[in-house]
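See structure below.
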Amino acid sequence: MLQTAADPATTTRSPRLTVIGTGYLGATHAICMAVLGMEVLGVDVDAEKTARLAAGEVPFFEPGLPELLRKALDSGRLRFTTDFEEAGAFGDVHFLCVGTPQTKGSDAADLTYVRAATAALARHLDRPALVVGKSTVPVGTAAELTEMLHALAPAGTQVELAWNPEFLREGFAVEDTMNPDRLVFGVSSPSAEAVLRAAFAPVLDMHDTPVVVTDLETAELVKVAANSFLATKISYINAMAEVCEATGADVTALAKALSYDSRIGGKFLRPGLGFGGGCLPKDIRAFRHRATELGAGQAVAFLGEVDAINRRRRARTVDLVRELAGGDLSGVRVAAWGAAFKPDSDDIRDAPALDVADALQRAGAHVTVYDPVAMDNARRDYPQLRYATSAMGAASGADVVVLLTEWTQFREVDPQLLGKVVRQRQVVDGRHALDPVAWRAAGWTYRALGRP
Ligand code: UGA
């Protein structure tokens with residue numbers, strides 16, 4: 001058995017943590033662990049990012065996190081560096097939190113950053129340590145990284161690898177990290193499990209968090225299996241929306257009726273424009289790709305349909321706007337409400353909202369976008385679109401208003417007041433966020449996916 005947990009340094013005090021990759025996942029993990037009392041060193045190759053974090057600035061939008069960063073820095077338990085040598089010297093447990101985006105031109109996950117981070121760290125591991133993968137990876141990656149660690153680390157096989165998938169949701173990242181609904185420890189030895197329990201002691205002491213201990217492969221799979229299930233649930237209700245459209249039935253009432261069956265439940269059963277973001281879309285594609293490599297492609301072939309249903313919702317939303325515009329989008333003024341892939345986030349990765357706004361623009365419409373927090377990111381990636389500084393401003397003179405991200409401020413708009421600034425009272429509710437009765441009563445033509 002490996003002797004990771006027997007390192008004298010870790011038996012007498014809490015393990016010291018490094019968090020490699022201080023993006024969304026890593027920054028949240030580093031900040032929350034420091035607030036919970038652990039000594040943490042955040043490591044990133046991006047010096048600007050570490051400098052901003054060290055100065056108390058969270059480089060992305062996440063409710064509650066800026067306050068916790070300040071608290072963690074003030075405690076003296078959180079620092080940031082770009083130096084992997086410092087990381088190796090400091091840490092007993094090293095969390096790998098770098099991104100695994102979709103590879104350009106392929107459905108596979110791009111493991112460049114995971115491999116680079118592991119190699120950079122390994123060269124400085126000259127005493128027993130536990131490296132813990134948190135990134136979402138294709139099954140089999142942990143085995144590959146284990147070999148890499150043993151080959152490159154001066155401490156050789158005294159460096160062990162574990163996998164601890166992360167399930168945090170953007171917008172709820174703090175809550176999900178401080179009080180996760182489960183912890184999964186993928187390990188190859190009881191000593192690795194003991195080190196992980198010590199690393200998560202503040203969470204485990206505070207809550208009755210279920211811990212599922214598995215082998216490395218199962219831990220890798222748990223994450224993609226969870227995200228695939230969630231994506232499937234969303235696409236399931238959106239497939240029902242397509243059938244509703246063919247029959248005149250109402251998918252929101254259908255979803256409500258289904259949700260009361262406790263075996264089905266109402267969560268992730270909200271129909272509409274579908275899923276986007278940096279996780280669900282790329283994870284189902286990478287999972288299918290990896291399963292095919294392993295000869296199990298048939299088992300998850302349905303994920304291709306889950307993806308296709310999801311894409312069709314975007315196309316159908318464009319169609320609804322075109323129908324309201326009388327069949328031709330040329331010169332039609334469209335107010336696009338929302339850019340982020342979901343509310344309470346400034347993340348625009350694979351954002352359905354911007355995909356639809358861009359498609360409308362390419363079809364000849366003049367699109368003006370407004371989002372409460374994602375404007376800078378949207379402007380950077382979609383400079384061809386126009387941007388307004390408020391929801392009302394975007395809607396001014398519009399022929400069609402299309403709600404694409406269900407921010408609370410859009411839900412609360414008074415349709416009477418909005419009616420005074422638009423050219424035509426026509427709305428497409430891409431997220432079932434508005435009350436059709438109130439909007440129709442205010443003289444609006446209201447259309448939504450899967451509703452008569
Ligand atoms: C997702 C998972 O929910 C997390 O558990 C996971 O840790 C994370 O991916 C990840 O892999 O890191 P996130 O991408 O933050 O989290 O967003 P979700 O809340 O899952 O929403 C994903 C998309 O589905 C959004 O575009 C949302 O608008 C859409 N959605 C969600 C629906 O269209 N309908 C629903 O009923 C729920």
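In each ligand, atom 1 is the first atom listed, and ligand 1 is the first ligand listed. If you're wondering where the values come from, they're calculated on a predicted model, not measured in any experiment. Worth knowing before you read on, the calculation uses all heavy atoms, side chains too, and leaves out hydrogens, waters and symmetry mates.
- The closest donor-acceptor contact from the side chain of E220 to the backbone of T141 lies under 3.5 Å.
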Report, one line per pair, each donor and acceptor closer than 3.5 Å where one atom sits in a side chain of residues 199-206; sequence neighbours left out.
none

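- Looking at S345, its side chain never comes within 3.5 Å of a backbone N or O of G171 through a donor-acceptor pair.
- Put simply, the side chain of R77 gets close to the backbone of A34: a donor and an acceptor are under 3.5 Å apart.
- Listed by chain and residue number, the protein contacts of ligand 1 are E166, F167, L168, R169, E170, K223, N227, L230, I234, F268, L269, R270, G274, F275, G276, C279, L280, D283, F341, K342, R431 (heavy atom within 4.0 angstrom).
- A search for salt bridge (charged side-chain N to carboxylate O under 4.0 Å, His left out) contacts involving R316 returns E245, E323, not counting sequence neighbours.
- The side chain to side chain contact (heavy atoms under 4.5 Å, CB included) test applied to D355 returns R314, not counting sequence neighbours.
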